[in-house]
Amino acid sequence: MLALLRHPAQLRLLRENPALAPCAVEEVLRYDTPIQFTRRVAVEDFEVNGTPITTGQMVLLWLAAANRDPAEFPDPDRFDITRNRRSHLGFGAGIHSCLAIPLARLQGQIALGALCRRLVEPKLGADPPPYLPNAIHAVRELPIAFRGVTPRYPERRVAVT
């Protein structure tokens, strides 16, 4: 929701086309991944861009930087919910990927869809919002101001003949 509120045109696009919710979730994870980096221990010697890595050496992997790789994501600093790419590292990768990926995707789609559909004129209450101390890019709270909430189930008109 933070990325959508910071990019009102993208929020408007999602409101107008709720079918973009799956793409929006993927783009949020790519654009502002909650896990910015991870550590691994090299199990064999190898080289990265001319830098030797030896067996047993700790390596920091910057997932957030990989998610902004222009070779993988054209115009990577642009937040674009129509991007429709799942190749980000927001859930990790390989044997280190999140076990609950399908559930997390579904929860994100439901939450973003409901918030976009129901909140009337949402705006950030604080930018940047407060982050948790000693956490990896975790928002402590996301203050949002809004004018109202639309009904959960809009009125249904039934034609009586």
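Heavy atoms only: backbone and side chains are in, while hydrogens, waters and symmetry mates are out. If you're wondering where the values come from, they're calculated on a predicted model, not measured in any experiment.
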(request) Verify side-chain contact (heavy atoms from CB on, under 4.5 Å) between Arg40 and Leu61, making sure each step is shown before the conclusion. (result) CA-CA 8 Å; Arg40 296 288 180 262; Leu61 307 169; 3.5 Å; yes
(request) Using a 4.5 Å cut-off on heavy atoms from C-beta on, say whether the side chain of Ile53 contacts that of Val59. (result) yes
(request) Determine yes or no for a side-chain-to-main-chain donor-acceptor pair under 3.5 angstrom, with Arg83 supplying the side chain and Glu27 the backbone. (result) no
(request) From the options Val25, Asn67, Asp80, select the one residue that forms a side chain to side chain contact (heavy atoms under 4.5 Å, CB included) with Arg30. (result) Asn67
(request) Please report the closest heavy-atom contact between Leu14 and Leu20, naming both atoms and the distance. (result) CD1-C, 3.7 Å
(message) Atom CZ of residue position Arg39 - does it have more than 12 heavy atoms of other residues, nucleotides or ligands inside 6.0 Å?
(response) no
(request) State, with a plain yes or no, whether a side-chain heavy atom of Pro122 is found less than 4.5 Å away from one of Leu5. (result) yes
(message) Under a 3.5 Å threshold, yes or no: a donor from one side chain and an acceptor from the other, between Asn49 and Thr51?
(response) no
(request) Could you pull out the closest heavy-atom pair between Leu89 and Ala66, with the gap in Å? (result) CD1-CB, 3.6 Å
(message) Quick one, Asp32 and Leu2 - any side-chain contact, counting heavy atoms below 4.5 Å?
(response) yes
(request) Drop me the distance from Phe46's CZ to Thr55's OG1, to the nearest 0.5 angstrom. (result) 9.0 Å
(message) Can you confirm whether Phe146 sits close enough to Val120 that some side-chain heavy atom of one is under 4.5 Å from a side-chain heavy atom of the other?
(response) no
(message) I want to check something: taking the side chain as every heavy atom from C-beta on, are Phe79 and Val28 in contact at a cut-off of under 4.5 Å?
(response) yes
(request) Please answer: with hydrophobic residues joined when any side-chain heavy atoms are less than 4.5 Å apart, are Leu63 and Leu60 in the same cluster? (result) no
(message) Nearest 0.5 Å, please: how far is CG in Leu115 from CG in Leu4?
(response) 9.5 Å
(request) Indicate yes or no for a side-chain donor-acceptor contact from Arg140 to the backbone of Pro133 under 3.5 Å, with no hydrogens or angles considered. (result) no
(message) For Pro129 versus Pro143, what's the shortest heavy-atom pair and its separation?
(response) CB-CD, 4.4 Å
(request) Begin with the C-alpha distance, continue with both residues' side-chain angles, and end with the deciding distance and a verdict on side-chain contact (heavy atoms from CB on, under 4.5 Å) for Val139 and Leu132. (result) CA-CA 6 Å; Val139 174; Leu132 289 171; over 6 Å; no
(request) Using atom types as modelled and distance alone, determine if a side-chain donor or acceptor of His7 lies under 3.5 Å from a backbone N or O of Ala3. (result) yes
(request) Check whether any side-chain heavy atom of Cys23 sits under 4.5 Å from a side-chain heavy atom of Thr82, and report yes or no. (result) no
(request) Sorted by first residue and then second, give each salt bridge (charged side-chain N to carboxylate O under 4.0 Å, His left out) pair with at least one member in residues 43-69; sequence neighbours left out. (result) Arg68-Asp77
(message) Please find the pair of heavy atoms, one from Pro74 and one from Arg85, that lie closest to each other, and give the distance.
(response) CD-NH1, 4.5 Å
(message) For a 4.5 angstrom cut-off between non-hydrogen side-chain atoms, does Arg117 reach Pro18?
(response) no
(request) Answer yes or no: is there a side-chain heavy-atom contact under 4.5 Å between Lys123 and Pro8? (result) no
(message) With a 4.5 Å cut-off on side-chain heavy-atom distances among I, L, V, M, F, W and Y, is there a chain of contacts connecting Leu142 to Leu29?
(response) yes
(message) Which heavy atom of Glu141 sits nearest to which heavy atom of Pro130, and what is that distance?
(response) CG-CG, 3.4 Å
Expected list for residues 97-108: side-chain donor-acceptor pairs under 3.5 angstrom, two or more places apart:
{"unit_1": "Ser97", "atom_1": "OG", "unit_2": "Gly94", "atom_2": "O", "d": "3.0"}
{"unit_1": "Arg105", "atom_1": "NE", "unit_2": "Glu26", "atom_2": "OE2", "d": "2.4"}
{"unit_1": "Arg105", "atom_1": "NH2", "unit_2": "Glu26", "atom_2": "OE1", "d": "3.2"}

(message) Side-chain heavy atoms nearer than 4.5 Å, only ILVMFWY residues, links allowed to pass through others: does that put Phe73 and Ile81 together?
(response) no
(message) Please check: side-chain N/O of Gln57 versus main-chain N/O of Thr54, any donor-acceptor pairing under 3.5 Å?
(response) yes
(request) Look only at the side chain of Arg15 and the backbone of Cys116, and say whether a donor-acceptor pair between them is shorter than 3.5 Å. (result) yes
(message) Checking Tyr131 now: which residues fulfil ring pair (Phe, Tyr, Trp, His ring centres under 6.0 Å) with it, not counting sequence neighbours?
(response) His137
(message) Measuring from atom CD1 of Ile144 to atom CE of Met1, what distance do you get when rounded to the nearest 0.5 angstrom?
(response) 5.0 Å
